[in-house]
Structure formats: C-alpha cells, structure tokens
Amino acid sequence: MDFISILSIFVLACFVGYYVVWSVTPALHTPLMSVTNAISSVIVVGALIAAAAAGSPSSKWLGLAAVALASVNIFGGFAVTARMLAMYKKRDRKDA
Amino acid sequence: MLEAAQAQPAWVLLAYLIAGVCFILALRGLSGPESSRRGNRTGMLGMAIAVVTTLVTHIPAISGIKTGTPLPGQDEPYRIVSQLDVTTLGAIIIAIAIGGSIGLVTARKIQMTAMPQLVAAFHSLVGMAAVLVGAAAYLNPEAFGIAVRVTPIASPSFVSIFPQSRIEMGLGVAIGAITFSGSVIAFLKLNGNMSGKPILLPLRHVINLGTLAAILGLIAYFTQDQAPWVFFTVMGLSFAIGFLLIIPIGGADMPVVISMLNSYSGWAAAAMGFTLHNSAMIITGALVGSSGAILSYIMCRAMNRSFISVIAGGFGAVASSSDAAAIDRPYKRGSAEDAAFLMKQAEQVIIVPGYGMAVAQAQHAVRELADLLKKEGVRVKYAIHPVAGRMPGHMNVLLAEANVPYDEVFELEDINSEFSQTDVAYVIGANDVTNPAAKSDKGSPIYGMPVLDVEKARTCLFVKRSMGGVGYAGIDNELFYRDNTMMLLGDAKKMTEQIVKAFG
C-alpha cells in the first residue's frame, strides 16, 4: 500500500470514529474506555512481526516483551469489558 | 527487497481490513447496553483475526543455506531454505500465555471502584508496547520492510530506513512513551500511591514546551541521520515529557487526563500502523484516538474548562480564600432517622452519587435503600454528572454493579429539570458537581460548570464525612448552609446502612 491509500484509510477512519463514538451512550463510557484499550492492543501485530523475525536478537526480545504486554491488555481489556457489560440490566418486570 | 517485503497478498490485506471493521462494530455496539455485549464479542473476533493473520504470515523461521545443483533459472549452486523456528514460536506462545493470564486474572479480580486505575494501567501497557515495537523496528527495520540495504563503493553495506518511516517510527515511539509515563503517573495518583494534589515545578511551561520542541526537532533530524542517539534521545525525552505533563494535574481533572491518555494510546497505535502499513492498526488507532479525544472534550465541557487549562494543570492547588470564615457558618444536621422519615414521605427521591460513593464502596447499600423506598411506593431515580467519579461513566458502572437497572439512571441534562418537582435529593459523595456557586459566584473556580440543581429539591440530604473537608476543586459548597439542606455527617456507606436500618 502506498502512503496515500494508507492516509486515506486513516482520515476516513477518524471520521468513522468521530460519529461512532458520539453515538455511544454516556452510561457506557467506562466500558468504551476499556474496550478501546483492548483494541488499541492490535499493536500486537507489530510485536508479533518483531518477535518472529530473524536477524536481530535484541529486536526479537523487544518484540516478545511487547507481545506479553499487549496480551495483558487484549485479554484483560476484553474480559473486564465483558464483565462490566454483563452488569447493565434493565428493570425487572416484577419491579416495574 | 522493498517491494518483496511490502507486497502483502490480497487476503492478508483483506483480513486486516475485516479486523478493522470488527473494531468499528465493537464501538458501534456501545450505543446501547443490549447491543454492547455482542459488540464486545465482535471486537474479540477482530483481534483474533488480526493475530492469526500475523502469525500465519510471519511464521518464525530459521534460514539456512543448502548447497547442491542449481535449480533451473538459478545461477548459485546453493539455495536458501527455511524451516520452522520452534523455539521462537514457543517463546511467542509463552509470551501470549503469560500476558493473557495476567490480564484475565486482573480482569476477574479487580474491584469496580478501582476501574480508573486499571484503565490507566492498561493505557501504560499499550504505550510501552508501542515503544518496544518502535525500538524493535528500529533495530531490525528489514523485518518490517521499512528499509533498504545500501552498499556504497569501498565501504561496508548498511541498512537505511526510509525517511518517511523514520518520521512515523519517531512519532509512534514518542507518543507511546508519553502515554506510558503519563499513564503511570495517572495510575499512581488514582491508586493513592501519589497525592492527588498537583505538583507544580517552577518554569514548568517553559520546560514542557522546550522538551516538546526538542522531541519534534529530533524527529525531523532523524530523517537525516538514523544514529541510535537520535532515536533513543527522542524516546527518553518523551518519557520525561509524559511524566512532566501529568504531575501538575490534580485529582479533579483525572477524568480528562485518563481520556486524553486513551486518545494518545490510539494515536501511538496509528503511528505504528503507518510504519507497518497495516490497515487494522490504522483504523483502530484512528477510532481509539478520536474516542479519547471526544471523551476529553465531553469531560472538559462538563467542567466548563478548556482543554489547554486542564493540560496546564494546577487546578485545585490553592484553597479558596473565603472558606476560613465559612467553617463556622451554621448548618442543619440530621440523623439517619430524620433522613429515613423524610424519604418515606417523599413521592420522588433522586440519588446523586459521586466519587465518595466509590471510595466508601456504598453502591450496594444505596441500591438496598432504593429497593426499600420503592417498596414504600417512592419513585427513585439516579442523577449522574458527567465528571462524577474519576473517569467517564464511572458512576454508571458502579450502579450497574449494584444491580441498579440502567433505565433508572439519568444524565445531567435529562434529569436536571426534575429536581424542582422532587421531594428529596440524596447526595452521596458528590460535592463540586452540586455546588450552586458554579451558577452564581463569578469568582468561583468552578463558575460556569454545569451542575446538578439539587438545591431545587424540597429537601437536600447531603452525606459528608465531616464539615471540614472540601471537594477536589478545593472550594467550599454554598449548599451546606442552605435552609433546605440537611447534612448527614458520616461515612457514605455507614450512613446509608443506618438509614436502611431506620426504615425497619
């Protein structure tokens, strides 16, 4: 991909992000933070490339460390979001 | 070399694109609690697609040279062969397993009240991961396909990183490092390891702007000279600026800080995505970056502060000069029994929770109280100020944890008009967000901030530990001395439990 197509994706994604995030209900702002946290760990892609590449042992170790850190975030972020979201309940019919 | 490394097969590009779309859907799902759970699962799917695609296309391999007769069309009598590098693959799996189990255990065990700290800690990890990936890319640029090997005449060949990639890498590492050290400070402040009071260095604006300029200058210079000192100075200075930026910011501004760091972690991922030409990372980075930016904006607006003034820091450092006399002012004090009596008589009670409820872990007691009231035929609602607590949506999560149905919980603008028709406002652990001075006192540091009109309720019950303390903004609250305010002095949880008992 050349720079311009990458830039296009980026700019369009910023707009998508803008509209999608404004539609998030304020009650879910904390889960929003934890899930954005989890997905920003997609940086693990870079970490995996570094860890798998031959040629530089130090680069490989840095990659492995980054894989571990990003994994904490991926698993922790999605799990804690799921835990929070499971708590949001509507009023029971009986109470109403 | 350049073409070979960057030309990814079409299915790989598509897979990353699909992962990016999954992430968009994950955020889209958060428009309502019902769709949010499915959204979260879509996010997980996206992450799985991204990870698996990367693993499959970057299988760790050991290359060796095999000699033999040249293949057709080859001149050399040897071939480069590669075989699976089991050690590295094992190491990657172990790294994922270690990180994953730490993450899962933390996610299970963490208390909901500690959510702001956890989010700050997670942000720091994203930042650090970005720094490490940047450093790895710097040390082994060929693996990322961002360099060419140059062989000048009469000197050894070397690897030259593309100037454009140097900028992207430099920015990615800088933003990552700022995210890391900033989040660490935010974590320490939120976790109570460090005072929430702003720490003000002399000349801090000069130091900060100077450091920032130095970082940008060095990144520009990096395109001319890829020497290690340039790269690592950028990294070091960025760690320093992250630290310097957050220490002067006080506890009350933490919701903005934490949203801002959220945004930074996104931009760091996006910058790395530019380096790696990876659409999943770019889409995610843009999403997270705008998400954090919007949240910061919402938080700033809810405090009527400009983003610049929050970043400049120092809010809440100086106590207002007028409160020396204020301490002796007369106020009405009530008991748990009085409160129970008033609430029982009421037609509608609005509960206004704040950070104090989180500290005292009072959300379950509050919900118990609400249940009793409902049994008595009282209408119960909850009113939440956008900056109540230490992060966006903090109170909503706590109430959800205590099984409060989300359709009883209202945002500031939706419920503010109802206070005038409400018999009792029960303010528990919120202070600055109810301060009427924000509406009337032009000299007040919080003047202009939208507040909950609790004083318009017939009676305002205000739970507070003691009369001495002031809110995080460091100012006295006019509300305490009003005729229709009854102060309930005590721990938020104990007081609520006593009221519950008084019902019995």
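Below, chain A is the first sequence line, B the second, and so on; all start at residue 1.
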note = Turns out that what part of Met281(B) lies under 4.5 Å from chain A's heavy atoms comes down to both
query = Which answer fits Glu411(B), side chain, backbone, both or neither, if we ask what part of it has an atom under 4.5 Å from a heavy atom of chain A?
reply = side chain
ask   = What orientation do Tyr88(A) and Tyr406(B) show, parallel under 30°, tilted 30 to 60°, or perpendicular over 60°?
value = tilted
inquiry  = For chain B, which candidate among Ala47(A), Ala53(A), Ala68(A) shows the most heavy-atom pairs at distances under 4.5 Å?
reply    = Ala68(A)
key: Engaged part of Leu295(B) at the chain A interface, taking heavy atoms whose separation is under 4.5 Å   = side chain
query = Looking at Trp61(A), Phe75(A), Phe78(A), which one has more heavy-atom pairs under 4.5 Å with chain B than the rest?
reply = Phe78(A)
query = For Met128(B), is it the side chain, the backbone, both, or neither that has a heavy atom closer than 4.5 Å to a heavy atom of chain A?
reply = both
Portion of Leu7(A) that has a non-hydrogen atom of chain B nearer than 4.5 angstrom = both
message = Under 4.5 Å from any heavy atom of chain A, what part of Ser124(B) do you find: side chain, backbone, both or neither?
response = neither
remark   = When the 4.5 angstrom heavy-atom criterion is applied to Ile94(B) and chain A, the contacting part is neither
task = Let me know if Val35(A) has heavy atoms under 4.5 Å from chain B in its side chain, its backbone, both or neither.
result = side chain
Contact winner vs chain A - Gly266(B), Pro116(B), Gly134(B), Gly32(B), heavy-atom pairs under 4.5 Å = Gly32(B)
request  = Check the surroundings of atom OH in Tyr297(B): do more than 12 heavy atoms from other residues, nucleotides or ligands lie under 6.0 Å from it?
outcome  = no
note = Okay, Asp85(B) and chain A: the region with an atom under 4.5 Å from a heavy atom over there is side chain
ask   = For chain B, which of Ile74(A), Val67(A), Leu62(A), Val42(A) has the most heavy-atom pairs under 4.5 Å?
value = Val42(A)
inquiry  = Taking Arg108(B)'s backbone N and O only, do any of them form a donor-acceptor pair with Arg83(A)'s side chain (distance below 3.5 Å, no angle check)?
reply    = yes
Contact origin within Val409(B) toward chain A - heavy atom pairs under 4.5 Å = neither
task = Indicate whether the side chain of His29(A) and that of Asn396(B) have a donor and an acceptor atom separated by less than 3.5 Å.
result = no
query = Under a 4.5 Å heavy-atom cut-off, does chain A meet the side chain of Phe410(B), its backbone, both or neither?
reply = neither
request  = Answer with side chain, backbone, both or neither: which region of Thr54(B) has an atom nearer than 4.5 Å to a non-hydrogen atom of chain A?
outcome  = side chain
query = Would Phe10(A) and Phe274(B) count as a close aromatic pair, with their ring centres under 6.0 Å?
reply = yes
task = Verify whether one side chain among Asn262(B) and Thr36(A) offers a donor that lies under 3.5 Å from an acceptor in the other.
result = yes
ask   = Does the side chain of Ser5(A) pick up a donor-acceptor pair with the side chain of Asp2(A) at under 3.5 Å?
value = yes
ask   = Met272(B) versus chain A, heavy atoms under 4.5 Å apart: side chain, backbone, both or neither?
value = side chain
task = Among the options Val44(A), Ile49(A), Thr81(A), pick out the one with the most heavy-atom pairs lying under 4.5 Å from chain B.
result = Ile49(A)
query = Can you check whether Gly292(B)'s main-chain N or O pairs, donor with acceptor, with Ser263(B)'s side chain at less than 3.5 Å?
reply = no
key: Test item: Thr25(A) side-chain N/O and Leu28(A) main-chain N/O as donor-acceptor pair under 3.5 Å   = no
key: Shortest non-hydrogen contact from Gly127(B) toward Thr179(B)   = CA-CB, 4.0 Å
Portion of Ala121(B) that has a non-hydrogen atom of chain A nearer than 4.5 angstrom = neither
Pairs of heavy atoms under 4.5 Å with chain B: top-ranked of Pro31(A), Pro26(A), Gly77(A) = Pro26(A)
query = With a 4.5 angstrom heavy-atom cut-off, which part of Ile39(A) approaches chain B: side chain, backbone, both or neither?
reply = both
key: Which portion of Ile298(B) sits near chain A, non-hydrogen atoms under 4.5 angstrom   = side chain
Among the listed options Ala13(A), Cys14(A), Ala79(A), Ala27(A), the residue most often paired with chain B at heavy-atom distances under 4.5 Å = Ala27(A)
query = So which part of Val45(A) gets closer than 4.5 Å to some heavy atom of chain B, the side chain, the backbone, both or neither?
reply = both
